Amino acid sequence: MAEAYIYDAVRTPRGKGKPDGSLHEITSVSLATQMLQALRDRTGIDTADVDDVILGCGMPVGEQGADIARIAVLNADYAQTTAGVQINRFCASGLEACNIAAAKVIAGEAMFAIGGGVESMSRVPMGADGGAWSVDPTTAFKTYFAPQGIGADLIATIDGFSRDDVDAYAVQSQRRAAAAWGEGRFAKSVVPVKDQLGLDILDYDEFMRPQTDMQSLGALSPSFAKMGEAGFDGVALHRYPDVERVNHVHHAGNSSGIVDGASAVLIGNAEIGEKYGLKPRARIKGMASIGSEPTIMLTGPALVSNKLLARLGMTAADIDLFELNEAFASVVLRFQRAMDIDPAKLNPNGGAIAMGHPIGATGAMILGIALDELERSDKETALVTLCVGAGMGTATVIERV
Amino acid sequence: METLRVELDADGIAIAALDVPGRSMNTIGAQVIADFASLVERVQSDAAITGLVITSGKASGFCAGADLGELAQRLGPPDGGATEARLRADFEATGTFSRLLRRLETFGKPVAAVIDGVALGGGLELALAAHFRVAVDQPRTKLGLPEATIGLLPGAGGTQRLPRLTGIMASLPLLLEGKPVSAEEALKLGIVHALVAEPAAALDAAKAWVAQGGEAVQPWDRKGFRLPGGGPHAPAVHAAFSFANGTLLAKAQGNYPALDNIMRCVFEGSQVPMDAALRIETRYFVRTLHTPQAKAMVRTLFLSAQDLAKQAKAAGADATDPVPAYVERLATAYARATAALVEDGVSSAAVRNGARMAGWRKPPEVATGTTEAAPRAIGSDGGDALKRRLLYPLALEAARAIGDGSITDPRVADVGAVQGFGFPAWTGGPLSLIDGMGAADFIAACDEMGLDVPEALRRMAATESSYYAGDPSALAA
């Protein structure tokens, strides 16, 4: 069996996920295409050695339907022999895509495989793809479906995180992201998006609000109280009968931002890297996914991380850096406590609360962010993980080479 | 034909008046179905008949729904389990009326219905199969599908025709809550086509519609038909319907399979053409029939309640009504049961949530614990145990009341508990709860929980008897 190495990672800056966002006028295919071209151009590889491109996309309908990965591959002028497949593991799709790419390399199926993702939430909004889970009474009743915001508030309630706790975390994310951008920590991997003339249209994460403070967040009303009253709190209490009532603490300011973006990570075996004189930046040491309780939905990260670490014969103490997608502040606070992590080691460069979460792309983005941070801080091992809709978690451990 | 009077008018329009002999209200039983089948056959095959108007021959209204006394035979889990043969037989038998109505709306002759007074349940479903509906705009006119309120669902096309007329979201409250609407609301919702002030005008309007070339095609049988407001995967409906699922789950807590199945009928049926949709509805109708809730709710909430109300009316005011004292006993038993849970370290939150899970919409108040220790977690798997610990002690108290003779009629114990104490309606009452499980199994569970079982109940179990031994339909008026 081969080893899987990360040779390069790129991502677009994230545009606001609304019609006035900077990337709204750029098609999803174009975003994905530009990232595939960037990987090719930065590394100088012959794409004939890229066996497959796996792109995550959480809303694969409309212009993101019909296997956008393959279409982007064609559009990027890759070798005709490079295949492409789009996958959907909701919020973890980008990381799952990298895990699948790594698995293909390890299994000997692929020399190079690219994992990444694309999501234009301004052009193909959340919910555009429908799906049975919440709407088919059979599945909704059986799984005690509740929307993700209810899950986040339920975590805060059960774990005792107050409105101040989650808001403070959000302020920290904004500060860290602003500092990281200010110090150029993202310069290596962020590739500006080009418009139809080939001119840069966006070169930074425009969703950030560095001036955010406890006062500005305190003014926001909880986003999920109404749906809780409509019945979803009742559903949550049925599943978690020890809870008196759900404390609704999350709002747009302490939840992941809705944005547009794309990402791609070049993964390959040792042999193919040598062919191009490319230095492997990190080894993908292990990957895992797990199912978790669907009603609270967002508790997968600790479960999958422990599963992966155990399989690797490691503990959390062996990990120098954690990147956990900031779906909601309580998700991160819970993980921090469950894994007993020094807060300085968790999302040190901010996260999706500040910079946004382009659903299918994020997983590969934070993998790249972790890699850059390991190199910048001369650390060895990182664990990257995300919580996922319908109760799942996906994780990857990388080790600098 | 025993239940239908048919005349032909000068234009060749058949006027069929439904008038079930010996009943104050028209209800749909086997005879009515057979007579309608003959009527359909005759109208279809006689070239001289140009159309059909269906009306009522009774002043009490159009039709109040299915004959529940007849239906009661089919209710409850089948003895010997739901074998494939039983499922197929029930599917065939219970789908008869639905298939007949489908034939009525597709056999190629225009059908109009005149609604004066109540059109409920199967009665409304009959009218929905007509191509034109005119209602008399008077307070006595009420249109509704109340099947859900007694643990059943509209099995003759109601879950399929109503959403196709009103849109999915507008149909849900009518289907789930069973509250009837007025003639005016029915017009607004698209359930009827026209209103008239006087009954005579209604018949004229129906005949005129036929005579002036009313088409014998339902909207859903026309090419390019789109469900008003969109199907369940249209983005706006997807969101609203998902919310409706959540609202229902929070309210019904999985205790009312009829309600869950109504949602399934609407969701699944709205995605396919009418013939397939009706088959889906019949399947869920059969599944609902086979639930203990259907048997218990029809019996207690309809048959028993109706019968006892009649008796009470005839008897006049009764100073020796045993129900108030009995309700007191239930309240005490509930307080003791909740106190036992709190003593056992269960949090007051869990007790309240447990009561909701058991089916109390507004859980009776709980005395807070005196213990300083942190409550022990019930966990997501603990719900069933909580339900049992809240429901079974009250069932035992009801058994005691029968045993010591304070209540002599099990129907009074059940109706009294549901109406007087808010005992969860899905059970049909505490004694129906015991009967539904089987006394032996109930006693075994109580013994395991360390609850005190009255001797009378043990004796009843030993003789393999039950509180409602005998044919429940014998209780029908």
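Model, not experiment: these values are computed from the prediction. Reminder, nothing fancy here: chain letters follow the sequence lines and each chain counts from 1.
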Near A:I258 CD1, under 6.0 Å, is it more than 12 heavy atoms from other residues, nucleotides or ligands? no

Exercise: identify the closest heavy-atom pair between A:M297 and A:S292: O-OG, 4.1 Å

Interchain contact, B:H233 with chain A, by part (heavy-atom threshold 4.5 Å): side chain

Donor-acceptor under 3.5 Å (A:D159 side chain, A:F161 main chain): no

Chain B contact via A:V235 - side chain, backbone, both or neither, heavy atoms under 4.5 Å: both

Does the ring centre of B:W360 sit less than 6.0 Å away from the ring centre of B:Y334? yes

Do A:D136 and A:T139 have side-chain N/O donor and acceptor atoms under 3.5 Å apart? no

Between A:G127, A:S134, A:A146, A:G130, who has the most heavy-atom pairs with chain B when the cutoff is under 4.5 Å? A:S134

Is A:D20 atom CG crowded by more than 12 heavy atoms from other residues, nucleotides or ligands, each under 6.0 Å away? yes

Within residues 258-267 of chain B, which residues come under 4.5 Å of chain A, heavy atom to heavy atom? B:D260, B:M263, B:R264, B:F267

Has B:R376 got more than 12 heavy atoms of other residues, nucleotides or ligands less than 6.0 Å from its CZ? yes

Per the side chain to side chain donor-acceptor pair (under 3.5 Å) rule, which among B:E125, B:E147, B:E281 passes with B:T159? B:E281

Assign the ring pair A:F145 / A:W133 to parallel, tilted or perpendicular, where the plane angle (0 to 90°) is split at 30° and 60°. perpendicular

A:H357 and A:E326 side chains, donor-acceptor separation under 3.5 Å: no

Evaluation steps, side-chain hydrogen bond (donor to acceptor under 3.5 Å, both in side chains), between A:T394 and A:S289: CA-CA 4 Å; A:T394 293; A:S289 284; 2.9 Å; yes

Quick one: of B:A240, B:G254, B:G354, B:G379, who has the most non-hydrogen atom pairs under 4.5 Å with chain A? B:G379

Close contacts, residues 221-232 of chain A versus chain B, judged by heavy atoms under 4.5 Å: A:M227, A:A230, A:G231, A:F232

Among B:R352, B:K251, B:E268, which residue forms the greatest number of heavy-atom pairs with chain A at distances under 4.5 Å? B:R352

A:E293 side chain to B:S380 side chain, donor-acceptor N/O pair below 3.5 angstrom: no

